There are 2 protein chains.
Amino acid sequence: MASNKREDILNAAILLFAERGYDATTVPKIADKAQVGAGTIYRYFENKEALVNALFQECIHKFLEAFKSTKPESTTDVRQQFHVLFHVMVDYAENNTHELHFIDTHCSGHYLDEKSKQIFQDFLDFLKNFIEHGKEQGVLCLLPSDALIAIVYGAFSHLFKLIRIGVIQESTELLDSIEECCWNAIRIH
Amino acid sequence: MASNKREDILNAAILLFAERGYDATTVPKIADKAQVGAGTIYRYFENKEALVNALFQECIHKFLEAFKSTKPESTTDVRQQFHVLFHVMVDYAENNTHELHFIDTHCSGHYLDEKSKQIFQDFLDFLKNFIEHGKEQGVLCLLPSDALIAIVYGAFSHLFKLIRIGVIQESTELLDSIEECCWNAIRIH
DNA sequence: GATGTAGGAATGAATATTCATTCCTATGAT
DNA sequence: ATCATAGGAATGAATATTCATTCCTACATC
């Protein structure tokens with residue numbers, strides 16, 4: 001039987017970090033939720049900071065892999081590419097309820113180390129690439145790529161926050177409409 | 001001898017809360033930045049929680065007053081109303097560099113009391129009103145009002161975060177373009 | 001000197017981290 | 001197969017640190 005303690009700790013931690021934030025989440029609380037002793041956490045992670053960094057890096061990595069595995073470059077139709085990317089985000093948000101929120105609330109935390117910042121930058125660069133392509137094709141607004149990403153991602157993450165807390169009800173039609181809204185925000189008219 | 005200690009404390013606190021978050025901001029650090037003794041803070045606020053709530057309420061109040069003073073109802077042109085509202089947000093973001101970020105990162109904090117939650121709800125209801133009007137006029141998408149607010153506000157707040165940390169350079173043209181993007185996101189096509 | 005205000009050291013509760021000890025499990029000898 | 005032993009894994013009580021809050025002293029102002 002494989003030792004899954006490390007996993008247990010990470011799963012407990014992401015729940016608590018996403019709900020309460022890094023600073024308000026105590027190590028003993030993580031231990032409780034993971035059903036391990038407090039000391040066990042220090043077998044797997046040097047300290048609380050190392051834990052949050054490992055978690056952050058694994059989340060981004062998973063998210064980025066989800067994007068990369070779609071190979072949206074195979075078509076030059078920017079709208080179609082956008083559709084694919086948008087649905088990667090939706091799938092990720094649906095299947096990893098807390099991860100998107102965790103990323104969102106921790107991506108500029110003071111406890112992130114260089115490696116975490118770097119991998120997050122890689123993630124942004126990947127998205128930037130798509131935007132840049134769309135601008136070259138004359139399909140997307142000629143605003144800074146960072147700005148266009150912020151518009152879509154900002155809208156998306158606030159929306160999923162509302163879905164997560166139950167203010168609005170998720171449905172295929174709603175998501176399709178929202179995709180259209182986001183697309184309309186950045187395309188050339 | 002105008003006692004401006006209370007102001008000093010609030011100004012120091014908003015900077016630190018916006019930068020580090022509520023839980024990572026210690027009362028002694030606030031006292032240092034405000035150049036007052038730690039005990040002095042407790043002359044003006046019952047405790048740390050009362051301080052953050054007072055701050056939050058004053059921020060939202062100021063923001064909401066800025067909106068209300070524009071009386072966008074005087075015109076029925078929804079696009080024109082949107083322009084006015086958007087510029088209230090821009091002005092607020094520009095003149096109160098840290099307040100928007102503070103609101104953004106603290107509006108769902110576990111330390112907020114009923115009054116803070118209520119005043120924040122009032123704020124959302126005000127925006128909802130505008131959206132509802134636009135939908136009645138047949139100008140805005142028939143998505144839930146909360147969703148439309150999230151799209152615009154989410155995009156806006158992420159954008160100003162980038163401006164604040166210097167990733168993108170603010171300019172009139174940029175802001176005009178962004179306004180157009182936000183409008184395109186929620187209008188009917 | 002009485003009263004109100006400020007300061008910051010002192011306090012105690014909460015928290016991250018350590019460490020001596022216990023608990024498993026795999027291996028090997030009988 | 002049974003038992004013995006070792007060594008890594010896990011534990012949680014103990015420790016060190018940090019922090020919100022209190023409290024006592026000093027300084028104004030009247």
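In what follows, chains carry the letters A, B, and so on, assigned in the order in which the sequence lines appear, proteins first and then strands, with residues in each chain numbered from 1. Quantities reported herein were computed from a predicted structural model and do not represent experimental measurements.
Rounded to whole angstrom, the span from the CZ atom of A/R6 across to the P atom of D/dG8 amounts to 20 Å. Atom CZ of B/R43 and atom C1' of D/dC24 are 13 Å apart (whole Å). Per the geometry, CD belonging to A/Q35 stands 11 Å off P belonging to D/dG12, to the nearest Å. Following rounding to the nearest Å, B/Y111 (OH) and D/dA20 (P) show an atom-to-atom distance of 14 Å. Taking atom CG of residue B/D32 and atom P of nucleotide C/dG7, one finds them 11 Å apart after rounding to whole Å. Atom pair A/K5:NZ and D/dA10:P shows a separation of 6 Å (rounding to whole Å applied). Between the CZ atom of A/F45 and the P atom of D/dA10 there is a distance of 12 Å, given to the nearest Å. In this structure, CD1 of A/I41 is placed 15 Å from C1' of D/dA9, rounded to the nearest angstrom.
Residue pairs meeting the ring-ring contact (aromatic ring centres under 6.0 Å, His included) criterion with at least one partner in residues 4-41 of chain B, sequence neighbours excluded, are B/F17-B/Y22, B/F17-B/H106, B/Y22-B/Y111.
Shown here are the salt bridge (Lys or Arg N to Asp or Glu O under 4.0 Å) partners of A/K135, two or more places apart in sequence or in another chain: A/E132. Taking B/K115 as the reference, nothing meets the salt bridge (Lys or Arg N to Asp or Glu O under 4.0 Å) condition, with sequence neighbours excluded. The salt bridge (Lys or Arg N to Asp or Glu O under 4.0 Å) test applied to A/E180 returns A/R79, not counting sequence neighbours. Applying the salt bridge (Lys or Arg N to Asp or Glu O under 4.0 Å) criterion to B/K29, with sequence neighbours excluded, gives no partner residue.
Phosphate proximity of D/dA9 to A/Y44: absent, as no side-chain N or O sits under 4.0 Å from OP1 or OP2.
Sequence order on DNA chain C of the closest nucleotides to B/G39 and A/A38 puts B/G39 first from the 5' end.
Annotation: B/F130 is not in aromatic contact with B/F126 [ring centroid separation under 6.0 Å not met].
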Which pairs, protein N/O on one side and nucleotides 14-16 of chain C N/O on the other, fall under 3.5 Å?
from, atom 1, to, atom 2, distance (Å)
C/dA16, OP1, A/K48, NZ, 3.2
C/dA16, OP2, A/V27, N, 2.9

